[in-house]
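Down below is the structure, laid out as structure tokens.
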Amino acid sequence: MTQGGGLGGLNLEAIMKQAQMLQQSFEANKDQLKKETATASVGGNMVTATVDGEKVLKEIKIDPELVKDGDVGAIEDLVISAVNSANAEMDKKIAANTNAFVGNALGGLGGGNLGDMANMLGGLLGGKK
């Protein structure tokens, strides 16, 4: 056994500390992402929806002109569309944030692309390349 409780030249204590630091960094990144918002407008800006990082609807705005028409079905469709679009925007932000985090945490291995990272790790572990 080597100094630091290692096996085969690995310092397990250092590896565990790095893993703990990575976990703390991941949690801080997740907390920061929860504070993000995404907004989408539909129907010529007649309906606007804003969601947070947990994809919870935080705000909905409906142009008073849309209400004057009295077409409840159109309003309902536009609200659904706006919320879905805002959630899709948040999905993009989450994916970009996650890829950047993984790229930074792993020193840029795989170019920050999770698909490439999975392929690389699979190759290293004897799976498909």
Open item on the list: Count I, L, V, M, F, W, Y as connected when their side-chain heavy atoms are under 4.5 Å apart, and connections chain through other members. Are Val56 and Val47 then in the same cluster?
Closed with: no

Open item on the list: Checking the side chain of Ser25 only, and the main-chain atoms of Met21 only, is there a donor and an acceptor separated by less than 3.5 Å?
Closed with: no

Task: Validation row: Asn45, Asp63 side chains within 4.5 angstrom (heavy atoms) - done: no

Open item on the list: Show me the pairs that pass ring-ring contact (aromatic ring centres under 6.0 Å, His included) and involve residues 47-89, at least two apart or across chains.
Closed with: none

Open item on the list: Ignoring hydrogens, what is the shortest heavy-atom contact between Ala38 and Glu89? Give both atom names and the distance.
Closed with: CB-CB, 3.8 Å

Task: Verify same cluster id: Ile75, Ile80 (apolar side-chain graph, 4.5 Å) - done: no

Open item on the list: Just verifying a value: how many Å separate Glu59 CD and Thr50 OG1, rounded to the nearest 0.5 Å?
Closed with: 5.0 Å

Open item on the list: Hydrophobic clustering (ILVMFWY, side-chain heavy atoms < 4.5 Å, transitive) - are Phe26 and Leu22 grouped together?
Closed with: yes

Open item on the list: Check this for me: Lys93, atom NZ, are more than 12 non-hydrogen atoms of other residues, nucleotides or ligands nearer than 6.0 Å?
Closed with: yes

TODO: To the nearest 0.5 angstrom, please state how far the CG atom of Leu78 sits from the CD1 atom of Ile62.
DONE: 9.0 Å

Task: Worked verdict on Ile15 versus Asn11 for side-chain contact (heavy atoms from CB on, under 4.5 Å) - done: CA-CA 6 Å; Ile15 292 170; Asn11 185 333; 5.7 Å; no

Task: Atom of Leu57, atom of Val51 and distance for their closest heavy-atom approach - done: CA-CG1, 4.0 Å

Open item on the list: If I take atom CD from residue Gln32 and atom CG from residue Asn97, how far apart are they, to the nearest 0.5 angstrom?
Closed with: 8.5 Å

- [ ] Work out which heavy atom in Ala40 is nearest to a heavy atom in Ala82; give both atom names and the distance.
- [x] CB-O, 3.9 Å

TODO: Search all heavy atoms of Lys55 against all heavy atoms of Asn87 and return the closest pair with its distance.
DONE: CB-OD1, 3.1 Å

Task: Validation row: Asp31, Lys35 side chains within 4.5 angstrom (heavy atoms) - done: no

Open item on the list: Nearest 0.5 Å, please: how far is NZ in Lys30 from OG1 in Thr98?
Closed with: 11.0 Å

Open item on the list: Measuring from atom CD of Glu54 to atom CG of Leu33, what distance do you get when rounded to the nearest 0.5 angstrom?
Closed with: 9.0 Å

Task: Short side-chain to backbone donor-acceptor contact, Ser85 and Ser81, under 3.5 Å - done: yes

